[in-house]
Every structure is written in C-alpha cells, then in structure tokens.
Amino acid sequence: MKFLNLILLSLLILSCKKNVFEHNNFIDIPNNFPLPVIPESNQLNQSRINLGKMLFYDPILSIDSSISCNSCHKQEFAFSDNKSISPGVKSRFGSRNTMSLANVVYYDAFQREGGVKSLEMQVLVPIEEHNEMGFNIILASERMLLHDKYVELSQIAYNRNPDPYVITRSIASFERTLISGNSDFDKNNLTLDQKNGKNLFFSNKLKCSECHSGFLFTNQNFENNGLYEIYNDFGRYNLTNQVKDIGKFKVPSLRNIELTEPYMHDGSILTLEDVITHYSKGGNYHINKSEHIKGFKISHKEKEDLIKFLESLTDYEFVSNNEFKNF
Ligand code: HEC
Ligand code: HEC
C-alpha cells in the first residue's frame, strides 16, 4: 500500500535530477566535508528552508494533528530519538528505530532498505505511513490552504499554493541544512584514550571501517552485520526480493552515535558497549553475514577506549544550533 501510494504520488512531484551545485550561502559545509549535491530542481534558499522547518515541526501533516516529524526526529538526539520504536498517530508502533537526519544531504538512498531515492520522495513515506503520520499528502496540503501564513510562505518559496510539490520540496530543503561535522574528532581534539580507540576502530583486527568509512563513517552500502540468525525484518530483501539481501540494512553513519541509542534497525541493542560485544563475538550465523564480521578479542580497557572514540563523534553544536529550532 505504502509503495503504491509512493508511485501514484511521485507523478505529482516532478523528477529531481541531481546536479552539482557549486556553493551556496544557506548551509555551512565543514572543511573536511565535500560540497553536497543539491538537485537543480530544488535549489536552496532561505524561504524554502524556513517553510520546510515550519512543516517539520507542525503536526498538521498527521491525520489527527498529533504527530510532527519532530515527534520522532528530535534535535537533542541528532534528529532521531531515544526509543527503540517511536509511536506514531493513535499510539501505533512500526517496527523500526528512528534514523538520525544528520547529514542526509549526502545520502543517495533513504530508509534502511535504500528504496527511496531522494529526500523529496522520502517525505511522502512518513506522511502516508499508517504507523507514523497515517495521513494523505493531498489532504495535508488542503489543510495548509486554510492557513493564510502557509499560502503566503508557499507563494514566496515556490511561487504556488501549498500542494504536495511544496510540502516535499520545502521539507527536503530544511533537511539538507542539517549538517553535522563539528565534533571533537573533526577538531582533531582527541584524548590519548580516544586516539587509542580510533586506532582500534580503523585496525585490521576490528575492521569497523570496512563499512563505517569515509567522512560520515558509512560507505552507504547494505550489509548483514550478523544481528540475527533469523530476521523478522528482512531489510533490503523487502525491496529486491533477492535472497542475498536478507538481513541487509543500510550501514548507518556513526556521527552523533552517543546520542542515538538504542541501536540497529529495530533498536534491539541498548548501549555502545553491547554493540561492541556483539561484534567481538562475531555476531550470529547467517548465510549473508559479511566476511568482515568475524569476531575479535578486546580487553576491557580497549573497549572503553573504543567507546570514548565513538563519543568523540558527538557534535554538540549541531544539537544546540538555534537555526534548526522552531521558534
Ligand atoms: C513515528 C515516528 C516518525 C515520524 C513521525 C517521522 N519519522 Fe522519519 N523515520 C522514522 C523511522 C522509524 C525511520 C527509519 C525507517 C527505516 O528504517 O527504513 C525514519 C527514517 C527517516 C528518514 C531516512 C533517513 C535515512 O538516512 O535513510 C528521513 C529522511 C526521515 N525519516 C524524515 C522524516 C520526515 C521529513 C518526517 C515528517 C514528514 C518524518 N521523518 C516523520 C520515524 C519517524
Ligand atoms: C560488514 C559491515 C560492518 C562492519 C565491519 C561493522 N559494522 Fe557496524 N553496522 C553495520 C550495519 C549494516 C549496521 C546496521 C544494522 C541494522 O540496522 O540492523 C551497523 C550498526 C552499527 C551501530 C549502530 C548504529 C545505529 O545507528 O543503530 C554501531 C554503533 C556500529 N555498527 C559500530 C560498529 C563498530 C564499532 C564496528 C567495529 C567493531 C562495526 N560497527 C563494524 C555494518 C558494519
């Protein structure tokens, strides 16, 4: 049902061709980050970002006006939350842990199976998803039409009245500003323990950086990290129907990982310590488990240092930045 809606509604939203946008004044790009790609059909400007921010915080997009994007994606938790599964409208629960929205401008594919190819398209998912906002984007834009402020802001931002085009593009614009690259790690401000943890992280013994690599600490691939012998949620298989994809999920970024517990697609691992224990034991047997998940010996002190290194990826300026708040 969700996918049928997606296909139908995609007809309402013009396709987004991606082109490199050289530079813009609306987002701060850290020196150690590449310039992001912004679709030419939805270039950033302040009125688009502001409208997207208003909508992100407005429960008007949910069927009973009770839930906004922010109900699950909270700034203090790097735009995820601290629950295994977050309730949607009418206290309905899905089966997945909320993902952080930090640095989403850099991703090629969204959701844990990677089936959604642009941020604009992704906006449809939570609005239409029964367990999230349980609504309909056309009805949501009709609600917006009843508010003069939204009509005015839509006209300024996109030169048209509120409609699915405006909702999806403005929210995507706001999300593209959520860049996080100001942690102690970025500032090269690591303690000795953290440096030790960093060496372990990138070591051949632990192999974390085989998957959690690059400036976002994700290679953006889909991997089976041995979480289960039998998966309830088949992950990327849901998209491809290929047996080799059972139990494969998008490799998550580890930026702000200290703030986004609990962990994994279902929020089943509660602490970073338990995550490391999972990897040190080599995970559970699964035919699709990555060859890089083999297990390793790690001392108590090494484990502590690795956790301290992961904590150096927390960007406190990001989680307190007033630009992202709803005033
Ligand atoms: C009820 C909680 C809830 C609400 C409300 C919600 N989300 Fe999410 N969001 C999630 C969950 C859970 C996931 C992970 C889905 C998955 O695992 O595939 C997610 C994933 C995402 C992603 C994908 C991130 C990535 O790296 O692939 C984006 C983007 C996103 N949400 C944006 C939004 C926007 C925009 C809104 C409001 C229109 C919103 N969400 C409303 C829970 C929620
Ligand atoms: C084969 C690729 C791979 C390797 C190697 C790997 N990971 Fe992961 N990691 C993943 C995948 C895939 C997930 C998400 C699984 C899921 O959603 O169920 C994940 C999840 C995590 C999470 C939870 C993230 C979140 O937001 O829920 C942490 C923390 C983590 N890994 C740390 C590490 C550390 C530390 C190492 C090295 C000891 C490591 N990983 C090695 C692929 C890998």
Side-chain angles (χ1 to χ4, degrees), residues 52 55-59 61-62 67-73 79-81 83 85-89 92-104 106-107 109-116 119 122-127 129 131-134 137 140 167-168 171-172 174-175 178 197 200-203 205-213 217-228 231 233 235 238 247-254 256-258 260-269 271-272 274-276 278-280 283 289-294 296 298 306-307 309-310:
L55 285 170
F56 186 89
Y57 284 97
D58 194 340
L61 299 181
S62 63
I67 299 271
S68 69
C69 307
N70 175 66
S71 305
C72 302
H73 299 280
F79 291 96
S80 80
D81 68 9
K83 303 187 175 80
I85 310 287
S86 325
V89 289
R92 290 178 195 148
F93 285 87
S95 57
R96 295 235 176 124
N97 180 247
T98 304
M99 297 169 94
S100 165
L101 301 184
N103 302 314
V104 284
Y106 290 104
Y107 294 147
F110 301 91
Q111 309 280 127
R112 284 199 173 76
E113 46 275 277
V116 182
L119 276 173
Q122 198 285 331
V123 172
L124 285 165
V125 178
I127 294 178
E129 170 63 47
N131 296 318
E132 293 186 2
M133 303 169 103
I137 196 168
I167 295 176
T168 53
I171 293 180
F174 170 61
E175 292 178 290
L178 302 176
L200 284 163
F201 183 88
F202 288 99
S203 70
K205 181 169 93 167
L206 268 63
K207 294 195 185 294
C208 310
S209 55
E210 289 289 340
C211 301
H212 300 284
S213 61
F217 293 84
T218 166
N219 57 9
Q220 295 201 42
N221 282 343
F222 301 86
E223 297 283 355
N224 179 315
N225 71 345
L227 191 60
Y228 296 115
Y231 283 81
D233 180 337
N238 298 334
K248 287 192 182 167
F249 295 88
K250 180 164 149 178
V251 175
S253 169
L254 298 185
N256 302 301
I257 194 70
E258 176 188 11
T260 63
E261 65 184 32
Y263 303 110
M264 309 300 166
H265 67 275
D266 54 359
S268 58
I269 301 192
T271 64
L272 284 175
D274 291 345
V275 170
I276 298 169
H278 161 79
Y279 284 116
S280 70
K289 184 172 75 174
S290 161
E291 56 172 4
H292 300 303
I293 313 282
K294 284 200 181 107
F296 45 82
I298 187 165
L306 180 58
I307 293 172
F309 166 65
L310 293 172

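The figures that follow rest on heavy atoms only: side chains count, while hydrogens, waters and symmetry mates do not. Note that ligands are numbered from 1 as they come in the structure, with each ligand's atoms numbered from 1 the same way.
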Within 4.0 Å of some non-hydrogen atom of L272, the atoms of ligand 2 are 29 (C)

Test your reading of the structure: does H212 have an N or O sitting under 3.5 Å from an N or O of ligand 2?
yes

Run down the list F296, Y279, F249, Y263 and name the one with the heavy atom closest to atom 19 (C) of ligand 2.
Y279

Decide side-chain contact (heavy atoms from CB on, under 4.5 Å) for E261 and L272; before the verdict, give the C-alpha distance in whole Å, the side-chain angles of both, and the deciding distance to 0.1 Å.
CA-CA 8 Å; E261 65 184 32; L272 284 175; 6.0 Å; no

Does ligand 2 have any atom that is closer than 4.0 Å to a heavy atom of F222?
no

Taking the six-membered ring of Y107 as reference, does the cationic atom of K250 (NZ for Lys, CZ for Arg) lie under 6.0 Å from its centre and within 45° of its axis?
yes

Side chains of D274 and Y263, donor plus acceptor under 3.5 Å:
no

So which of H73, K83, Q220, R96 gets nearest to atom 12 (C) of ligand 1, if we judge by its closest heavy atom?
R96

Applying a strict 4.0 Å limit to heavy atoms, is A172 in contact with ligand 1?
no

Which ligand 1 atoms are under 4.0 Å away from a heavy-atom of Y107?
26 (O)

Which atoms of ligand 2 sit under 4.0 Å from any heavy atom of L254?
28 (C), 29 (C), 30 (C), 32 (C)

Residue part near ligand 1, for V125, under 4.0 Å between non-hydrogen atoms
neither

Contact check: K207 vs ligand 2, nitrogen or oxygen atoms, below 3.5 angstrom
no

Counting from 1, what ligand 1 atoms have a heavy atom of I171 closer than 4.0 Å?
35 (C)

Determine whether I269 and H278 make a side-chain contact, defined as any pair of heavy atoms from C-beta on separated by less than 4.5 Å.
yes

The closest protein heavy-atom partner of atom 15 (C) of ligand 1 is Q111 NE2, 3.5 Å

Under 4.0 angstrom from ligand 1, any heavy atom of S253?
no

Is there side-chain contact between I167 and L124, with at least one heavy-atom pair below 4.5 Å?
no

Is there a donor-acceptor pair closer than 3.5 Å between any side-chain N or O of N97 and the backbone N or O of K83?
yes

Could you check atom 24 (C) of ligand 1 against the protein and tell me its nearest heavy-atom contact, residue, atom and distance included?
M99 SD, 3.9 Å

Could you tell me the residue and atom name of the protein heavy atom closest to atom 26 (O) of ligand 1, and the distance to it rounded to 0.1 Å?
K250 NZ, 3.0 Å

Regarding atom 41 (C) of ligand 1: of the candidates P252, G94, P126, which has the closest heavy atom?
P126

Of all protein heavy atoms, the one nearest atom 27 (O) of ligand 2 is M264 N, 2.7 Å

Check whether any side-chain heavy atom of L61 sits under 4.5 Å from a side-chain heavy atom of L55, and report yes or no.
yes

Inspect the contact between R96 and D266 and indicate whether a charged nitrogen and a carboxylate oxygen are less than 4.0 angstrom apart.
no

Hey, what's the ring geometry for Y279 with H212, parallel, tilted or perpendicular (30° and 60° as the breaks)?
perpendicular

Give the numbers and elements of all ligand 2 atoms closer than 4.0 Å to a heavy atom of L227.
18 (O)

of all protein heavy atoms, closest to atom 11 (C) of ligand 1 is T98 CA, 3.7 Å

Top protein contact for atom 16 (C) of ligand 2, by heavy-atom distance
H265 N, 3.3 Å

Using side chain to side chain contact (heavy atoms under 4.5 Å, CB included) as the criterion, point out the one residue from D81, L178, L101 that pairs with H73.
L101

Hey, what's the ring geometry for H265 with F249, parallel, tilted or perpendicular (30° and 60° as the breaks)?
parallel

For ligand 1, which part of P87 has a heavy atom less than 4.0 Å away: the side chain, the backbone, both, or neither?
backbone

Is it the case that the side chains of T98 and S86 hold a donor-acceptor pair, with the cut-off being a distance below 3.5 Å and no angle test?
yes

Among the heavy atoms of N97, does any lie under 4.0 Å from an atom of ligand 1?
yes

Atom 8 (Fe) of ligand 2 reached by N225 (N, O or S, under 2.8 Å)
no

Answer yes or no for I276: is there a heavy-atom contact with ligand 2 below 4.0 Å?
no

Enumerated ligand 2 atoms positioned under 4.0 Å from heavy atoms of S290
1 (C)

Side-chain contact, heavy-atom cut-off 4.5 Å: D58 with N70?
no

Measure the spacing between OG of S280 and CD1 of I293 and express it to the nearest 0.5 Å.
11.0 Å

For ligand 1, which atoms have a heavy atom of I67 less than 4.0 angstrom away?
5 (C)

Among all the protein's non-hydrogen atoms, which is closest to atom 22 (C) of ligand 1, and how far away is it?
Q122 NE2, 3.5 Å

Where is the nearest protein heavy atom to atom 17 (O) of ligand 1: which residue, which atom, and how far?
R112 NH1, 2.7 Å

For the backbone of N225 and the side chain of S290, can you confirm whether one donor and one acceptor N or O come within less than 3.5 Å of each other?
no

Closer than 4.0 Å to some heavy atom of L101 - which atoms of ligand 1 meet that?
22 (C), 28 (C), 29 (C), 30 (C), 32 (C)

Heavy atom under 4.0 Å from ligand 1: found in L119's side chain, backbone, both, or neither?
side chain

Classify the ring geometry between F79 and F56 as parallel (under 30°), tilted (30 to 60°) or perpendicular (over 60°).
perpendicular

Starting from atom 1 (C) of ligand 1, find the nearest protein heavy-atom neighbour and note its residue, name and distance.
C72 SG, 2.7 Å

Region of S68 engaging ligand 1 - heavy atom pairs below 4.0 Å
backbone

Tell me, do L119 and V123 make a side-chain contact under 4.5 Å, heavy atoms counted?
no

Does E175 reach the main-chain N or O of A102 with its side chain, forming a donor-acceptor pair under 3.5 Å?
no

M133 pairs by side chain to side chain contact (heavy atoms under 4.5 Å, CB included) with which of S71, C72, S62, P59?
S62

Of C211, P262, G235, S213, which has the heavy atom at the shortest distance from atom 3 (C) of ligand 2?
C211

C208 N/O to ligand 2 N/O under 3.5 Å:
no

Atom 34 (C) of ligand 1 sits nearest the protein heavy atom C69 SG, 3.5 Å

